[in-house]
Amino acid sequence: MAQKYQSEFFLMYTNGTLIDKKMAKKLAEVGNITPAISVEGFGRETDTRRGIGVHTKVIEAMKNLREAGVPFGISFTATKDNAHLLNDTFIDYYFENHGAIYAWVFQLMPIGRANCLDLMVTPKQRLDMFRTTQRLIKDRKIFIADFWNSGCVTNGCISAGKSGSGYLYIEWNGNITPCVFNPYSPVNINDVYEKGGTLNNVLEDPFFRSIRKWQKDYSSNGISGEVGNWLIPCAIKDHYDVMEKILNKYHPKPIDEAANEALNDKQYKENLKRYGEKVAEVTTGVWKREYLKKQS
């Protein structure tokens, strides 16, 4: 695919375990792929989640990519157990020692039953990560993007094909969801193509249009006359009360059993709503003082 579409640049998320010297050379030859290699911290944290010995293979993959001249980065899933690892030591290890040139930070988005929320980054940790990321970008001059702490960079939520800067997620079997963290699909791309349609038809689906309307009201015009807090930009994670109403109105299909469980678990919904409220409590003052320049 990369060879066929040379005008495109591909970001590929991977655990890195199959990137041997031969694969690194092939990636260098096509010249338009950058692997974002998944790490959960250092060796212990990565092996705990991904299997004993995986971190050693990750470091070997980074060496192979570095020697072949392929630019690569890291993808870090932040939970309450490892969020504290996002610091200078972490950056030194992967950027200075092993050659990463960017970092994606994905705060855990729980899908399933209520107890899966236990691993979420806490509201305080989320604010601490926001401060740390800001400092690292400014002082270390490196590229770090944090879902969802980098919402100010994108003017809020970018899901559901937001005009100008947004995207949709198409999974392996053609189901289309607002984003990779919002596992509900109103349409399948294969069905759309069979009927002679295009992505334009997908974008006009009422489910996606409803999310974009909320984005506009919250992040652009402002429901109350001022721009909504972009430090809490996510419709499903930070504003589940909003997403629940949209889901109940349009009934998109859960893409897997975990998504279906979340949709039918009352405690999950209530806990996620409370989480959004608590994150709003710790970030609203920052948003108003440092972005809207309002005095408390």
For this session: To the nearest 0.5 angstrom, please state how far the NZ atom of Lys253 sits from the CG atom of Asn188.
Result: 6.5 Å
Problem set entry | Atom NZ of Lys195 with >12 non-hydrogen neighbours under 6.0 angstrom | no
Exercise. Under a 4.0 Å N-O cut-off, is there an ion pair linking Asp88 with Arg140?
Worked result: yes
Exercise. Just by distance, do the side chain of Tyr169 and the backbone of Asn182 share a donor-acceptor pair under 3.5 Å?
Worked result: no
Exercise. Rounded to the nearest 0.5 Å, what separation is found between the CG atom of Asp238 and the CG atom of Leu231?
Worked result: 9.5 Å
Exercise. Quick one: do the Ser38 and Arg49 side chains pair a donor with an acceptor below 3.5 Å?
Worked result: no
For this session: Could you tell me whether Arg131 and Glu290 have a side-chain N and a carboxylate O separated by less than 4.0 Å?
Result: yes
For this session: For the pair Asp265 (side chain) and Glu261 (backbone), establish whether a donor and an acceptor sit closer than 3.5 Å, ignoring hydrogens and angles.
Result: no
Show me, pair by pair, the donor-acceptor contacts under 3.5 angstrom made by side chains of residues 243-251, not counting sequence neighbours?
from   : atom 1 : to     : atom 2 : distance (Å)
Glu244 : OE1    : Lys273 : NZ     : 2.6
Asn248 : ND2    : Glu244 : O      : 3.2
His251 : NE2    : Asn248 : O      : 2.8

Exercise. Parallel under 30°, tilted from 30 to 60°, perpendicular over 60°: which one fits the rings of Tyr240 and Tyr268?
Worked result: perpendicular
Exercise. ring-ring contact (aromatic ring centres under 6.0 Å, His included) with Phe76: which of Phe90, Phe147, Phe42, Trp104?
Worked result: Phe90
Problem set entry | Check: Tyr102/Thr34 side-chain N/O donor and acceptor closer than 3.5 Å | yes
Seminar exercise, completed: Separation between CG (Leu86) and OG1 (Thr132), nearest 0.5 Å, reads 6.0 Å
Exercise. Is there side-chain contact between Met62 and Ile74, with heavy atoms separated by less than 4.5 Å?
Worked result: yes
Exercise. Is the side chain of Thr177 donor-acceptor paired with the backbone N or O of Pro183 at a distance under 3.5 Å, no angle test?
Worked result: no
For this session: Could you tell me whether Asp217 and Arg212 have a side-chain N and a carboxylate O separated by less than 4.0 Å?
Result: no
Problem set entry | Beyond-backbone contact of Phe72 with Met12, side-chain heavy atoms, under 4.5 angstrom | no
Problem set entry | Glu204 side chain vs Asn200 backbone, donor-acceptor pair below 3.5 Å | no
Exercise. Should we count CZ of Phe9 as having more than 12 external heavy atoms under 6.0 Å?
Worked result: yes
Exercise. Would a distance-only check, ignoring hydrogens and angles, find a side-chain to backbone donor-acceptor pair under 3.5 Å from Glu45 to Asp81?
Worked result: no
For this session: May I ask you to check whether over 12 heavy atoms, not counting those of Lys269, lie within 6.0 Å of atom NZ?
Result: yes
Exercise. Using 4.0 Å as the upper bound for N to carboxylate O, is an ion pair formed by Lys63 and Glu67?
Worked result: yes
Exercise. Going by atom types only, do Asp256 and Asn260 share a side-chain donor-acceptor pair under 3.5 Å?
Worked result: no
Exercise. Does any non-hydrogen side-chain atom of Lys80 lie less than 4.5 Å from one of Val121?
Worked result: no
Exercise. Would a 4.5 Å heavy-atom cut-off, applied to side chains only, mark Met1 and Lys4 as touching?
Worked result: no
Exercise. Do Phe207 and Pro178 touch side chain to side chain, with heavy atoms closer than 4.5 Å?
Worked result: yes
Problem set entry | Test item: Val58 and Val39 side chains (from C-beta on) under 4.5 Å apart, heavy atoms | yes
Problem set entry | Under 3.5 Å: donor-acceptor pair, side chain of Asn175, backbone of Ile255 | no
Exercise. Can you find a side-chain donor-acceptor pair between Thr283 and Asn229 that sits under 3.5 Å?
Worked result: yes
For this session: Just do the side chain to side chain donor-acceptor pair (under 3.5 Å) check on Asn32 and Glu8 with the steps written out, would you?
Result: CA-CA 7 Å; Asn32 59 343; Glu8 308 299 326; over 6 Å; no
For this session: Look up atom CD1 in Ile33 and atom CG in Leu65, then write down how far apart they are to the nearest 0.5 Å.
Result: 11.0 Å
For this session: Please tell me if the side chains of Ile91 and Ile144 come closer than 4.5 Å, counting only heavy atoms from C-beta onward.
Result: yes
Problem set entry | Arg135 atom CZ, over 12 foreign heavy atoms within 6.0 Å | yes
For this session: Look at atom CD of Gln3 and say whether more than 12 heavy atoms of other residues, nucleotides or ligands are closer to it than 6.0 Å.
Result: no
Exercise. Looking at Glu40 and Leu85, what are the two nearest heavy atoms and their distance?
Worked result: O-CD1, 4.3 Å
For this session: Without swapping roles, check the side chain of Thr122 against the backbone of Gln125 for a donor-acceptor pair under 3.5 Å.
Result: yes
Exercise. Asn149 side chain to Arg126 main-chain N or O, any donor-acceptor pair under 3.5 Å?
Worked result: yes
For this session: Using modelled atom types only, decide if a donor and an acceptor are shared between the side chain of Asn190 and the backbone of Asn173 within a distance under 3.5 Å.
Result: yes
Problem set entry | Donor-acceptor pair, side chain of Asn82 and main chain of Thr79, under 3.5 angstrom | yes
For this session: Please work out whether the ring planes of Phe106 and Phe181 are parallel, tilted or perpendicular, with thresholds of 30° and 60°.
Result: tilted
